[in-house]
Amino acid sequence: MAFVEKFSDGLNIVAEKVDENKYLNSIKTTFTIYLPFIIIGSFALLFNTILTSETTGLARIEFFSFLTGIAPAFNAINFATMNIMTLAIVFILGMTLAKRNKQNEMLCGLISLTAYVTVIPQSLTHVIEGAEEVIAGLPVGGINASGLFIGMILTILVVELFSKLISFDKLRIKMPAQVPAAIANSFNALIPMMITLLITAIGGRIFVNMTDTYINEYIYEILQAPLEGLFQNPIGIMFIVFISQLFWLLGIHGGLIVSPIRNPLAIAALAANIAAVQQGLEPTQSVTMGFWMVFVVPGGAGLTLCLIIASLISSKRKDHRAISKTALLPGLFGISEPVVFGMPLILNPTFAIPFTLASVMSTGIGLFAINIGFITPNIVDVPFGIPLGLSAFLGFGLNGVIVQLIILALGTLFYIPFVWLANRQMKMEMAK
Amino acid sequence: MRIMLACAAGMSTSILVSKMEEAAKQQGKDYKIWAIDQSLIEDELGNFDVLLLGPQVQHTKRKVTRLVGDRAPVAVIKPVDYGRGDGAAVLQFAEELIEKGE
């Protein structure tokens, strides 16, 4: 048991460290705040598919053909939520970090936003009849999901720098005592703000002069793209799912622990899929939030719904059957806690193997289904809490539902031998 | 008495909340019981008399205890009570915490 204790202490410490880390925690909070906008943005595309499209939507019926006219409105919602994502994330992260640093939140959010815009391209080159013309404007590549990592890094640096600068008394502008405090405060932030923006703007300019690329493009190439690759790689994502389940085995919310790295990458993947479809290409990024909800954790992380079904089918333990009955309905909505803590599954050696590996298996099945072309990567994201079947249908269509059902069936088969094992253990206990 | 529960998204905990409300009603007690996402605890400081954490966020207890300070007792709900949705047991647990805290 010494090993189990060490292992469980170790993971508990990791969980605590991840949670207490200011930056990881702020990133997690930031994406939690922005997630509804992602869902809305991707649902706007769903409306296009079912309403305004002349091939798949209601608009193919003559009477409803006027619906095609509102397609631009849905596209506008999508653009406004997906394509300016980094600007929004930078602003929210700046505010969240400011709260942790006990600084003015709105101010830090805005400084982060302006600082980010100082380092990205601010013009576009337009070619008309062979003549190049430079137009002022922010290219989408600088403000959409490709900027997420540089945006988060820069925001952390900017808020820390600003917090440091504003703590120096010498940088404060001395106001006569008659000046109202509010006015004095806004002036006091002026010099630190100026210094912060000078540093980012000059730093960004030096970077462009030295490397001939903008820093957002550079960080995307050397950091974000490789991480995205790793995240989309079957082994990479299965490893993340496995780690998440190890935490669950201790009763710690694994999804919460991996979310600082999972959420930015999953959201960037969705954005890439949407961009591909809008250019008339096939979406290629398999692992999105929708993929996670529909195929990694259907019926609860660790496919606990399958354990519930397996127990209802073949468990001889009254307590297991009772908890399975009460946990069934939450399980249909993806809530695993009743069975995780009620059975309980925490450090339960009998079910440890399927509980940690079932979601790894289902991840593999989902990826396989995409790989053979049975389903395509999603452009409509599915939030947590949508019931089984419907979640798969929204994200991946009818074939998605089939894949989800296959996963649940195989998951149940995976759990059944362990339910038998639990039966045998009970028998042996009683024989003693 | 104001009992606040916190978990990962406030979803599974809200199941327990309704069970606790039921138990409180049966006992003729008029309590305010609600669930939030654990990241929002800071915004609710001072609004609750006791804070119960879901066992899946047990690793945040030390941080949360520091955050809440002397304002209210903080404890992790017993996993089995949580999983089985034993509203009465958790309600009693909350009452005991408040008694001990005062």
Side-chain angles (χ1 to χ4, degrees), chain A residues 8-9 11-22 25-33 35 96 99-100 247-248 250-257 259 300-301 304 319 322-327 329-331 333-348 383-385, chain B residues 5-23 35-46 51-69 74-91 93-94:
Chain A
S8 117
D9 280 354
L11 275 190
N12 256 309
I13 291 168
V14 173
E16 207 172 336
K17 286 270 182 295
V18 170
D19 178 67
E20 289 196 352
N21 183 290
K22 182 164 74 178
N25 198 300
S26 300
I27 289 171
K28 191 185 73 196
T29 308
T30 299
F31 279 91
T32 307
I33 293 170
L35 205 57
T96 315
K99 193 173 181 185
R100 302 287 296 257
F247 282 108
W248 270 117
L250 296 183
I252 296 173
H253 197 294
L256 207 59
I257 306 293
S259 65
T304 43
D319 56 336
I323 189 68
S324 295
K325 266 180 214 153
T326 51
L329 194 65
F333 289 85
I335 294 170
S336 65
E337 282 88 343
V339 62
V340 171
F341 298 112
M343 190 86 88
L345 293 177
I346 310 156
L347 287 177
N348 181 336
F384 179 73
Chain B
L5 283 68
C7 76
M11 285 218 189
S12 58
T13 307
S14 55
I15 301 176
L16 185 62
V17 166
S18 53
K19 293 267 176 66
M20 287 171 72
E21 279 171 340
E22 235 170 73
I36 61 157
D37 181 282
Q38 46 89 32
S39 64
L40 304 174
I41 293 172
E42 205 175 343
D43 303 333
E44 296 271 353
L45 289 179
L51 171 59
L52 300 177
L53 298 174
Q56 70 276 43
V57 293
Q58 52 180 293
H59 59 283
T60 64
K61 189 188 167 204
R62 228 185 321 191
K63 182 189 75 178
V64 172
T65 310
R66 225 182 301 135
L67 185 71
V68 175
V74 177
V76 178
I77 302 165
K78 288 192 195 85
V80 173
D81 291 344
Y82 188 85
R84 307 204 166 166
D86 193 339
V90 181
L91 196 66
F93 181 55

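Within every chain, numbering begins at 1; the chains are lettered A, B, ... in the order of the sequence lines, protein sequences first and strands thereafter.
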*Please test A:K99 against B:E42 for side chain to side chain contact (heavy atoms under 4.5 Å, CB included), starting from the C-alpha separation and ending with a verdict.*
CA-CA 10 Å; A:K99 193 173 181 185; B:E42 205 175 343; 4.1 Å; yes
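- Scanning for side-chain contact (heavy atoms from CB on, under 4.5 Å) contacts around A:N25 gives A:D19, A:K28, A:T29, A:R100, B:K63, with sequence neighbours left out.
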Please tabulate, one pair per line, all N/O donor-acceptor pairs under 3.5 Å involving side-chain atoms of residues 336-343 of chain A, not counting sequence neighbours.
| unit_1 | atom_1 | unit_2 | atom_2 | d |
| --- | --- | --- | --- | --- |
| A:E337 | OE2 | B:S12 | OG | 3.4 |
| A:E337 | OE2 | B:Q56 | NE2 | 3.0 |

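- A distance of 7.5 Å separates CG of A:L256 from CG of B:D37, quoted to the nearest 0.5 Å.
- Only the side chain of B:S39 comes within contact range of chain A, with at least one heavy atom under 4.5 Å from a heavy atom of that chain.
- There is no contact between A:I13 and chain B, counting heavy-atom distances below 4.5 Å.
- Residues B:H59 and A:I257 are in side-chain contact: their nearest non-hydrogen atoms beyond the backbone lie under 4.5 Å apart.
- Chosen from B:D81, B:D86, B:V80, B:L40, the residue pairing most often with chain A at heavy-atom distances under 4.5 Å is B:V80.
- For A:K325, the NZ atom sits in a loose shell: 12 or fewer heavy atoms of surrounding residues, nucleotides or ligands are nearer than 6.0 Å.
- Heavy atoms only, all atoms of each residue included: B:Q58 and A:G251 are closest at NE2-O, 3.6 Å.
- Contact tally against chain A (heavy-atom pairs below 4.5 Å) for B:R62, B:K78, B:K61: the top residue is B:R62.
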*For B:T60 and A:E20, what are the C-alpha separation, side-chain angles and deciding distance, and is it a side chain to side chain contact (heavy atoms under 4.5 Å, CB included)?*
CA-CA 8 Å; B:T60 64; A:E20 289 196 352; over 6 Å; no
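- When every heavy atom of B:G83 is checked against every heavy atom of A:I323, the shortest pair comes out as O-CD1, 3.7 Å.
- Heavy-atom distances place both the backbone and the side chain of A:F384 under 4.5 Å from chain B.
- The distance from the OG1 atom of A:T326 to the NZ atom of B:K19 is 6.5 Å, given to the nearest 0.5 Å.
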